[in-house]
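Take a look at the structure set out below.
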Amino acid sequence: LLARQDFDFFCTQISSVFKPTLHHQVWNRSLITEESNKYLHRIAGQNTSILSPRGSAKSTKLGLFCAWAIGIHAEQQMALQMLYISANRELALAKSETIRNIITSDPYQKIFPFVQPHSKKWASPLWSIDRAAAGIETTGQEEFTCIAAGILGTISSKRTNLIVYDD
């Protein structure tokens, strides 16, 4: 339960090699705003940019953040629909796959057991958790959790709640 509430603790439970540093704690205060709205739980608020040099674990942190956000939204029975953008589609797909791998890992499943892969939409570039297993209403909504796209890719006509740009 602590990993659902505390993002730093979540990170240490998911990845034994990830040790939150001082700059990660600063990032957390920008990412985990504790503000909510109709679409976002605990992560609403101002747009946030994290600028940091190579090797500072930006992509690692964002992957963990996305997986955690999916879990806390599912816990609240809220559908999180995210657009993950990177320099090109291949890179975005690889990062999207990393998030899926986190979600299916044993530590994640112990923290968020109600977050399960959607049997028909898990391998797709437009993948989804099983909303029914999480008790999330799906009537009238396109069912996806994450879309991966390159910066020059087609991203129109998809309604998302969260946009993550990682380059």
Side-chain angles (χ1 to χ4, degrees), residues 3-5 7 10-11 14 27-52 58-105 108-109 111-167:
R4 293 183 195 175
Q5 296 303 313
F7 179 55
F10 169 84
C11 292
I14 297 299
W27 295 353
N28 289 354
R29 288 191 295 274
S30 295
L31 294 169
I32 317 303
T33 62
E34 298 302 340
E35 294 179 37
S36 299
N37 62 29
K38 183 178 175 181
Y39 303 104
L40 297 173
H41 178 67
R42 298 181 57 198
I43 61 172
Q46 298 291 325
N47 293 338
T48 301
S49 294
I50 296 174
L51 302 173
S52 192
K58 291 181 302 293
S59 294
T60 301
K61 189 70 163 183
L62 284 175
L64 290 164
F65 168 73
C66 291
W68 181 80
I70 290 166
I72 65 164
H73 282 77
E75 180 181 37
Q76 297 297 311
Q77 298 180 326
M78 294 174 70
L80 181 64
Q81 294 181 288
M82 156 183 7
L83 172 59
Y84 201 104
I85 304 172
S86 198
N88 59 56
R89 187 168 190 260
E90 292 74 28
L91 188 55
L93 287 170
K95 292 177 181 188
S96 173
E97 184 176 347
T98 298
I99 298 166
R100 286 188 304 203
N101 289 340
I102 293 169
I103 289 172
T104 57
S105 71
Y108 186 93
Q109 286 298 303
I111 298 165
F112 296 111
F114 43 84
V115 177
Q116 298 295 316
H118 189 291
S119 62
K120 295 179 182 172
K121 296 184 178 194
W122 193 246
S124 165
L126 182 87
W127 58 267
S128 183
I129 64 169
D130 184 337
R131 290 185 181 182
I136 299 171
E137 177 65 41
T138 60
T139 306
Q141 295 179 355
E142 184 175 7
E143 191 170 338
F144 68 89
T145 301
C146 184
I147 303 169
I151 192 67
L152 299 176
T154 305
I155 56 174
S156 60
S157 81
K158 298 295 181 203
R159 295 178 188 261
T160 61
N161 315 101
L162 179 65
I163 298 172
V164 176
Y165 176 68
D166 181 14
D167 187 19

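With hydrogens and angles disregarded, no donor-acceptor distance shorter than 3.5 Å links the side chain of N88 to the backbone of G150. Distance alone, capped at 3.5 Å, is enough to place a donor-acceptor pair between the Q81 side chain and the E142 backbone. S86 places no side-chain N or O within 3.5 Å of a backbone atom of L91 that could act as its donor or acceptor partner. With hydrogens and angles disregarded, a donor-acceptor distance shorter than 3.5 Å links the side chain of Y108 to the backbone of G71. No donor-acceptor pair under 3.5 Å is formed between the side chain of T33 and the backbone N or O of R29. The backbone N or O of A74 lies less than 3.5 Å from no partner atom in the side chain of Q77, so there is not a single donor-acceptor pair. Side chain of R4 to main chain of W68: no donor-acceptor pair is present (N/O by atom type, distance under 3.5 Å, no hydrogens or angles).
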Do L64 and F7 pass the side chain to side chain contact (heavy atoms under 4.5 Å, CB included) test, and can you show the C-alpha distance, the side-chain angles, and the key distance before you say yes or no?
-> CA-CA 9 Å; L64 290 164; F7 179 55; 4.2 Å; yes
Step by step, would you call K120 with H118 a side chain to side chain contact (heavy atoms under 4.5 Å, CB included)?
-> CA-CA 6 Å; K120 295 179 182 172; H118 189 291; 3.8 Å; yes
Pair R100-W122, side chain to side chain contact (heavy atoms under 4.5 Å, CB included): steps then yes or no | CA-CA 8 Å; R100 286 188 304 203; W122 193 246; 3.5 Å; yes
Could you go step by step and tell me if I151 and Y165 meet the side chain to side chain contact (heavy atoms under 4.5 Å, CB included) rule?
-> CA-CA 9 Å; I151 192 67; Y165 176 68; 3.7 Å; yes
For side chain to side chain donor-acceptor pair (under 3.5 Å), just list the numbers for Q109 and Q116, CA-CA rounded to whole Å, side-chain angles, deciding distance to a tenth of an Å, and then say yes or no.
-> CA-CA 8 Å; Q109 286 298 303; Q116 298 295 316; 2.6 Å; yes
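Taking every heavy atom of both residues into account, C66 and M82 meet most closely at SG-SD, 3.4 Å. When every heavy atom of I129 is checked against every heavy atom of I136, the shortest pair comes out as CD1-CD1, 4.3 Å. Nearest heavy atom pair, residue L40 against residue M78, reads N-CE, 3.8 Å. Annotation for A67 and I103: closest pair CB-CG1, 4.3 Å, computed over non-hydrogen atoms. Listed here is the closest heavy atom pair of R89 and A148: NE-O, 4.3 Å. Heavy-atom minimum distance, S128 versus E143: OG-CG, 3.6 Å.
Ring geometry for H73 against H41 counts as perpendicular: the plane angle is over 60°, on a 0 to 90° scale with 30° as the lower cut.
Using a 4.5 Å heavy-atom cutoff, the side chains of I43 and F65 are in contact. In this structure, the side chains of P117 and T104 come closer than 4.5 Å at one or more pairs of heavy atoms. By the 4.5 Å heavy-atom criterion applied to side chains, Q76 and S36 are not counted as neighbours. At least one side-chain heavy atom of I14 sits less than 4.5 Å from a side-chain heavy atom of I111. In this structure the side chain of F10 reaches within 4.5 angstrom of the side chain of F112, judged on heavy atoms. At least one side-chain heavy atom of I99 sits less than 4.5 Å from a side-chain heavy atom of I70. In this structure the side chain of I163 reaches within 4.5 angstrom of the side chain of I85, judged on heavy atoms. A heavy-atom distance below 4.5 Å is found between the side chains of I50 and L31.
Using a cutoff of 4.0 Å between basic side-chain nitrogens and carboxylate oxygens, R42 and E35 are not scored as salt-bridged.
Checking D166 against S59 by side-chain atom types alone, a donor-acceptor pair falls below 3.5 Å. Side-chain contact, S96 with W127: a donor N or O sits under 3.5 Å from an acceptor N or O.
Within a 6.0 Å radius of CD in E34, other residues, nucleotides and ligands contribute more than 12 heavy atoms. Shown here is F114, whose CZ atom has more than 12 heavy atoms of other residues, nucleotides or ligands within 6.0 Å.
For S52, the side-chain contact (heavy atoms from CB on, under 4.5 Å) partners two or more places apart in sequence, or in a different chain, are W27, S56, K58.
Note: C146 SG to L83 CG = 7.5 Å, rounded to the nearest 0.5 Å. Taking CG of L162 as the reference point, atom OH of Y84 lies at 10.5 Å (rounded to 0.5 Å).
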